[in-house]
Amino acid sequence: MLWLLVAAYTLNFVDRTIVAAIGQAIKDDLKITDTQLGLLGGLYFALLYTILGIPLARLAERASRVKIISAAIFIWSGFTALCGMASSYAMLAACRFGVGVGEAGLSPPAHSLISDYYEPEKRASALSIYSLGVPIGVMIGAVGGGWLAQNYSWRVAFIVLGLPGVLLALVIKFLVREPVRGAMEAEPSGPLKPYVLREDVLETGRVARAMFRNWTLFNMMMGITLISFAGYGGGAFVQPYWSRTFGLDYAQVGLITGLIGGASQGAGVLLGGLVSDRLARRGATIWYGLVPAIGIALSYPLIVAIYTADSWQAAAAWMLFPGALSYTYMGPTYGVVQNAFPPERRATATAVLFFVLNLIALGFGPPLTGWLIDHLGAFHHAYPAVEGIVPALVHLFSIDAGAFQAACPGGAGPIAGSAADRACRAAVELATRQGVLIAYAVGLWAALHYLLAALGLRRGMPRTD
């Protein structure tokens with residue numbers, strides 16, 4: 001069950017983040033801005049994803065979670081493949097909305113399933129293993145997407161990486177057993193309640209109120225939201241940065257960033273749950289907050305080293321470390337949230353958490369970072385002698401990004417190799433570096449919230465019964 005859900009979450013993140021892996025190819029082909037690119041990877045996907053997450057989670061509290069997950073995988077995989085057939089930016093955006101519809105049905109019921117298979121003291125570790133789908137998915141999307149975009153086209157990348165989910169949906173439907181709800185609790189749950197819309201709305205409100213009013217849960221929710229904002233925002237332009245700065249092709253960029261970054265992130269995801277569970281079994285639940293707080297804070301100087309390196313070899317070497325530190329937040333956060341709620345509320349608790357997280361982080365992280373890069377690029381194009389980030393930020397709202405887009409469509413000059421083309425590319429390169437570093441800096445704010453959560457965890461694991 002757990003490894004099939006890891007496979008599902010892997011495809012979830014392949015299809016969710018593939019825009020980042022092949023974004024430069026899409027931008028070059030459709031001549032769009034970084035803001036538009038960010039919207040494809042962010043708000044267009046996240047809007048229906050967040051809106052539908054809560055009603056699907058409420059459905060998962062009373063219906064078969066396995067069937068919901070299978071249907072969700074089938075829907076989002078189909079829409080991912082359809083992205084490859086889009087003939088315009090508008091059609092591509094519409095298909096990304098469809099991907100969000102499907103992906104809304106995975107994690108809330110998956111978290112609930114895992115909690116019925118594993119006892120409380122092992123849940124952070126089990127949820128860390130499930131969360132390995134994030135770095136593995138990013139790795140496959142980067143390597144596979146980059147190679148397919150380089151050797152075929154970005155359209156083929158969408159189709160090839162979307163279709164495997166259709167088969168996985170059938171495998172999960174017929175192989176995963178629906179467990180008894182609350183099977184790992186001292187008192188298993190009673191019979192499922194019938195569907196009542198008003199009661200569902202009230203119950204969702206109770207869960208949300210419990211999360212916002214509890215000091216520990218609120219700070220864990222803020223921590224994961226802000227570190228995800230940094231990750232989605234900066235991560236959406238990692239591959240474009242490497243292409244723009246070092247001149248590597250899509251396959252090379254995907255291989256380097258996917259394998260190195262994915263391995264580092266995977267180590268962080270796994271270690272976060274295992275270390276915090278082990279320390280917590282000794283009576284120190286404070287480590288569910290301290291492990292991510294320390295890891296995130298230590299990772300940012302290493303991120304700065306990556307995006308100020310003079311060569312791709314040096315940048316690749318630095319990339320070995322940040323993910324192993326910053327991605328320690330997943331298992332502890334999900335474990336605390338699942339342990340804080342009774343079995344009949346766990347899918348809803350995950351959905352509320354993901355509603356806040358994805359609306360803010362996924363919805364606005366990539367487009368705001370893209371908007372920032374567009375405006376920083378406009379400034380550096382207008383004032384090429386000024387490379388400092390502070391003057392650019394001071395004049396950010398007074399710069400005409402539209403004029404920059406007209407002069408540099410798709411981030412390049414109208415004539416390849418001309419002086420105008422070099423000026424455009426230099427401005428975009430510098431702006432991308434600065435935009436990515438600003439986005440990742442939001443993670444330091446997240447570390448503060450995890451530290452505050454750790455203070456609450458000194459009194460033990462929060463309960464909302």
Side-chain angles (χ1 to χ4, degrees), residues 1-18 20-21 45-46 49-50 52-53 56-57 60 65-77 79-80 99-118 123-145 161-162 164-173 175-176 224 228 231-232 235 258 261-263 265-270 272-273 323 327-335 337-338 346-347 350-351 353-354 357-358 361-362:
M1 182 280 306
L2 183 57
W3 288 109
L4 282 174
L5 290 182
V6 171
Y9 206 28
T10 296
L11 292 183
N12 182 290
F13 260 80
V14 169
D15 296 349
R16 182 185 308 190
T17 62
I18 188 175
F45 167 87
Y49 177 77
T50 54
L52 292 176
L56 287 174
R65 292 162 288 185
V66 173
K67 291 180 180 178
I68 293 171
I69 290 170
S70 298
I73 298 171
F74 187 88
I75 292 170
W76 93 58
S77 299
F79 273 108
T80 298
V99 176
V101 170
E103 294 204 5
L106 175 62
S107 281
H111 281 205
S112 177
L113 270 180
I114 291 169
S115 295
D116 284 340
Y117 270 90
Y118 293 89
R123 282 182 189 145
S125 297
L127 288 164
S128 286
I129 293 172
Y130 169 74
S131 298
L132 282 173
V134 176
I136 297 173
V138 172
M139 183 187 302
I140 293 174
V143 176
L161 295 178
V166 176
L167 176 61
L168 181 63
L170 296 174
V171 172
I172 288 178
K173 170 73 165 58
L175 292 187
V176 175
I224 194 172
S228 297
Y232 283 127
Q265 293 163 12
V269 169
L270 196 57
Y327 272 70
T328 52
Y329 70 88
M330 287 190 174
T333 305
Y334 298 146
V337 171
Q338 289 294 292
R346 286 176 179 154
T350 297
L353 175 66
F354 275 34
L357 185 164
N358 288 305
L362 181 55

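Among all heavy-atom pairs drawn from Gly235 and Ala20, the shortest one is O-CB, 3.8 Å. Nearest heavy atoms, Ala57 versus Pro108: CB-CB, 3.8 Å. Looking at every heavy atom in both residues, Arg123 comes nearest to Tyr118 through NE-O, 3.0 Å. Contact between Ser128 and Gly331 at its shortest, heavy atoms only, is OG-CA, 3.1 Å. Of all heavy-atom pairs spanning Pro109 and Ile68, the tightest one is CG-CG2, 4.3 Å. For Gly141 against Val14, the heavy-atom pair with the smallest separation is N-CG2, 4.1 Å.
Remark: Arg16 CZ to Asn358 CG distance equals 5.5 Å, nearest 0.5 Å. With rounding to the nearest 0.5 angstrom, the CD1 atom of Ile136 is 4.5 Å from the OG1 atom of Thr10. To the nearest 0.5 Å, atoms CG (Leu11) and CH2 (Trp76) are separated by 6.5 Å. Of the inter-residue distances, the one linking Leu2 atom CG with Ser125 atom OG reads 10.5 Å to the nearest 0.5 angstrom. The line from CZ of Phe13 to CG of Leu132 is 12.0 Å long, rounded to the nearest 0.5 Å. Put simply, CZ on Arg65 and CD1 on Ile114 are 10.5 Å apart, with the number rounded to the nearest 0.5 Å.
Classification of the Tyr329-Tyr327 ring pair by plane angle, with boundaries at 30° and 60°, yields tilted.
Using a distance-only test at 3.5 Å, with no hydrogens or angles considered, no donor-acceptor pair links the side chain of Ser70 to the main chain of Leu170.
You'll find the side chain of Asp15 reaches within 4.5 Å of the side chain of Ser77, heavy atoms only. Residues Val101 and Leu52 meet the side-chain proximity criterion, which asks for heavy atoms closer than 4.5 Å. Inter-residue side-chain proximity for Val134 and Tyr9 is flagged as met; some heavy-atom pair is nearer than 4.5 Å.
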Step by step, work out the side-chain contact (heavy atoms from CB on, under 4.5 Å) result for Leu4 and Leu168. CA-CA 8 Å; Leu4 282 174; Leu168 181 63; 4.2 Å; yes
Evaluation steps, side-chain contact (heavy atoms from CB on, under 4.5 Å), between Leu5 and Val176: CA-CA 9 Å; Leu5 290 182; Val176 175; 5.9 Å; no
Does the pair Gln338 and Thr350 meet the rule for a side-chain contact (heavy atoms from CB on, under 4.5 Å), with working shown? CA-CA 8 Å; Gln338 289 294 292; Thr350 297; 2.9 Å; yes
Where do Leu127 and His111 land on the side-chain contact (heavy atoms from CB on, under 4.5 Å) test, with the steps shown first? CA-CA 7 Å; Leu127 288 164; His111 281 205; 3.9 Å; yes
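Judged purely by distance below 3.5 Å, without hydrogens or angles, the side chains of Ser107 and Tyr130 pair a donor atom with an acceptor atom. Side-chain contact, Ser115 with Arg346: no donor N or O sits under 3.5 Å from an acceptor N or O.
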